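Report on the following structure.
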Amino acid sequence: MASNSSAAGNGSSRPQRRGIFRWLPFALCFLLVAIPAWHSLKREGWFPHSGPDLPFPETGSVTVSSAVNPVSASARMAVTTSNANAVVQLFEPRSGRHVISVYVRKNDHATVAVPPGTYQMKVAEGQRWYGQKAFFGFSATYETVTLPMTFTRGRGNGIDLRRRPDGTLPMRPNWRAPSPI
C-alpha cells in the first residue's frame, strides 16, 4: 500500500513538469516574434514621447571624428532608409573609436564619402530627434551590423534599412543606448 501512495505522489509531479515543458516552445516562439515587433513599434514611433524634440539634420549631413583627414575620404557609403530617421555610424573595430556618423531622414537615400577601411557599423533609428546625446530618446532602436563593413578606394559599401524577409545584412539589437557623439 505504501508503494501505491508513493507512486501517486510521483505521478502528480510529472504532469506539472510536462505542463511547463509543453508551453516552453510556445513561449520561445512568442519571444521570437515579440522582440522584433517591439523594435518595429519603437522605430516607427508608436510609443509616447516626452519633452521637446529638435529638427533632424538634413539627409547626407555627417559628424566626423577630429582624427579623420577629410581628404582621405575616397570611398563611398550609401544609406537608404525606411519609415524612420537613421544615424549610421562607423567605428574602428579594435579601439571602438567613432569615425563618422551619417544622418538620413526617413524614406530617403544618401551617399557620402568615407575613409577607406574596415569598420564596425551601428545604426540608430527613430522618429523624434533629441540631439546627439539622447538621439531618438525612448523610441530609439540601436543595432549593430554583425560583420565588419569594408570600404575601399573607389569602391564603397552601403546599407538598406528597408526591412524585408529576404534581407541579407545580419544585424543584432544593441540593448544599450548609443554613446553621445
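Starting from 1, each residue takes its place in the sequence as its number. Being a predicted model, the structure only gives us computed values, none of them experimental.
- The heavy-atom pair separating W129 from P57 by the smallest distance is NE1-CD, 3.8 Å.
- The two residues S72 and P116 make their nearest non-hydrogen contact at O-CD, 3.1 Å.
- Annotation: the span from K122 atom NZ to Y142 atom OH amounts to 4.5 Å, rounded to 0.5 Å.
- For residues 52-64, the set of pairs meeting the side chain to side chain donor-acceptor pair (under 3.5 Å) definition, not counting sequence neighbours, comprises D53-R128, E58-R105, T59-D108, T63-Y103, T63-Q132.
- A heavy-atom distance below 4.5 Å is not found between the side chains of T141 and P173.
- Note that the NZ atom of K106 and the CG atom of N83 stand 7.0 Å from one another [nearest 0.5 Å].
- Alongside M171, the hydrophobic cluster contains V62, V64, V68, M77, V79, V88, L90, V99, I100, V102, V104, V112, V114, Y119, M121, V123, V145, M149, F151, I159, L161, L169 (criterion: ILVMFWY side chains under 4.5 Å).
- The line from OH of Y130 to CZ of F135 is 14.5 Å long, rounded to the nearest 0.5 Å.
- Closest non-hydrogen pair, S65 versus H98, comes out as CB-O, 3.1 Å.
- Residues in residues 147-158 take part in these side chain to side chain donor-acceptor pair (under 3.5 Å) pairs, two or more places apart or across chains: T118-T150.
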